[in-house]
Student: 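Before I ask anything, let me first share the structure, which is written out below as structure tokens.
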Amino acid sequence: MYYPENSQNAVYNMNTPRFIGVAGTITSISDYENNGCVKLFQLAKDGGGTVDFMVDSGTYIVNNEPYSEGMRVTFYYDTNQPAVLMYPPQYRAVVGVSENAVGSGESVKVDYFNRNLISSDNTLRLNIGPDTMIYMQNGQYFNGSVRGRDLVVFYSITTMSIPAQTTPQKIVVLCY
């Protein structure tokens, strides 16, 4: 734990993830604003409860898959962005991943990866291999450095170390 000066006894966890995923089943989809260009997805969360996600043109939907009621999805939101204080909670979705978009035995990590390619919550380190495919959100190849960026990482095998290490199959760079 870190206690900064003049913090009024605030406690900051240095291993807080930049993005948090909420998994559940879509119970409703409605137009939210901008003449239908922003949708509101209501999720029945795994483990109970309800949460709403705003999905707009800036939301990266893995495989550009259209979502419908009854689908199981995980929406990720940015913990650094403000959220509306209401019930159910309402967040802007940065990434959406359906259960159909992930292969058997494959995992997805949405996070900020520093210059050493370690996630913000210090749970995953990337080892970029020659077969790692790196794309932008629009499907074009990404030729820049992935260090110090927000990434969507698809991987299957990890080491038992802390942080776990993996050579991802695919990386999507969130360019905003």
Side-chain angles (χ1 to χ4, degrees), residues 11-13 15-113 119-124 126 133-142 146 149-156 158 164 166 168-176:
V11 176
Y12 296 92
N13 183 346
N15 291 329
T16 301
R18 169 77 189 273
F19 297 93
I20 293 179
V22 178
T25 302
I26 299 171
T27 57
S28 71
I29 303 170
S30 58
D31 289 343
Y32 185 70
E33 60 183 34
N34 198 14
N35 293 321
C37 286
V38 179
K39 299 287 186 188
L40 188 68
F41 287 75
Q42 188 165 79
L43 286 187
K45 295 189 318 182
D46 293 350
T50 301
V51 64
D52 290 342
F53 282 96
M54 294 172 288
V55 174
D56 60 23
S57 61
T59 303
Y60 172 60
I61 303 295
V62 174
N63 297 336
N64 289 319
E65 179 181 12
Y67 292 167
S68 59
E69 291 180 16
M71 287 183 75
R72 292 202 28 79
V73 298
T74 301
F75 283 118
Y76 292 84
Y77 67 92
D78 187 339
T79 60
N80 291 336
Q81 296 300 312
V84 178
L85 295 175
M86 60 185 287
Y87 185 82
Q90 189 175 89
Y91 303 102
R92 183 192 167 276
V94 176
V95 175
V97 183
S98 78
E99 65 180 8
N100 302 329
V102 180
S104 177
E106 190 174 45
S107 297
V108 176
K109 174 82 169 171
V110 178
D111 209 341
Y112 171 82
F113 287 82
S119 62
S120 67
D121 61 359
N122 200 37
T123 61
L124 190 64
L126 305 180
M133 300 175 294
I134 304 173
Y135 299 100
M136 296 187 300
Q137 290 171 251
N138 63 8
Q140 300 302 307
Y141 289 109
F142 181 81
V146 296
R149 293 184 173 270
D150 296 330
L151 306 174
V152 181
V153 178
F154 299 83
Y155 64 98
S156 57
T158 64
T166 189
Q169 289 92 10
K170 177 178 160 183
I171 296 173
V172 176
V173 179
L174 299 176
C175 298
Y176 18 70

Student: With ring pair (Phe, Tyr, Trp, His ring centres under 6.0 Å) as the test, pick out the partner of Phe75 among Tyr91, Phe53, Phe19.
Tutor: Phe53
Student: Which pair of heavy atoms, one from Phe113 and one from Leu124, lies closest together, and at what distance?
Tutor: CE2-O, 3.8 Å
Student: For Ser156 and Gln169, what are the C-alpha separation, side-chain angles and deciding distance, and is it a side chain to side chain donor-acceptor pair (under 3.5 Å)?
Tutor: CA-CA 8 Å; Ser156 57; Gln169 289 92 10; 2.8 Å; yes
Student: I'd like to know if the side chain of Thr27 and the backbone of Gln42 have a donor-acceptor N/O pair within less than 3.5 Å.
Tutor: yes
Student: Using only atom types and a distance under 3.5 Å, with no angle test, would you say the side chain of Tyr67 pairs donor to acceptor with the backbone of Gly96?
Tutor: yes
Student: Side chain to side chain donor-acceptor pair (under 3.5 Å), that's the test. Do Thr123 and Lys109 meet it? Break it down for me.
Tutor: CA-CA 10 Å; Thr123 61; Lys109 174 82 169 171; 3.2 Å; yes
Student: Would you confirm whether Asn63, through its side chain, and Glu65, through its main-chain N or O, come within 3.5 Å as a donor-acceptor pair?
Tutor: no
Student: For Tyr87, does the OH atom sit with more than 12 other heavy atoms under 6.0 Å from it, leaving out its own atoms?
Tutor: yes
Student: Mark yes or no for whether Thr158, through its side chain, and Ala164, through its backbone, hold a donor-acceptor pair below 3.5 Å.
Tutor: no
Student: For Thr59 and Ala93, indicate whether the former's side chain and the latter's backbone hold a donor-acceptor pair under 3.5 Å.
Tutor: yes
Student: Is the backbone N or O of Arg18 less than 3.5 Å from a side-chain atom of Thr79, with the two atoms forming a donor-acceptor pair by type?
Tutor: yes
Student: Closest approach of Met136 and Phe142, non-hydrogen atoms and distance?
Tutor: CG-CD1, 3.7 Å
Student: Can Asp150 and Asp111 be said to form a side-chain contact (heavy atoms from CB on, under 4.5 Å), step by step?
Tutor: CA-CA 6 Å; Asp150 296 330; Asp111 209 341; over 6 Å; no
Student: Go through Ile134 and Val146 one step at a time and tell me if the side-chain contact (heavy atoms from CB on, under 4.5 Å) criterion holds.
Tutor: CA-CA 9 Å; Ile134 304 173; Val146 296; 3.8 Å; yes
Student: I need the Cys175 SG to Asn138 CG distance, nearest 0.5 Å.
Tutor: 8.0 Å
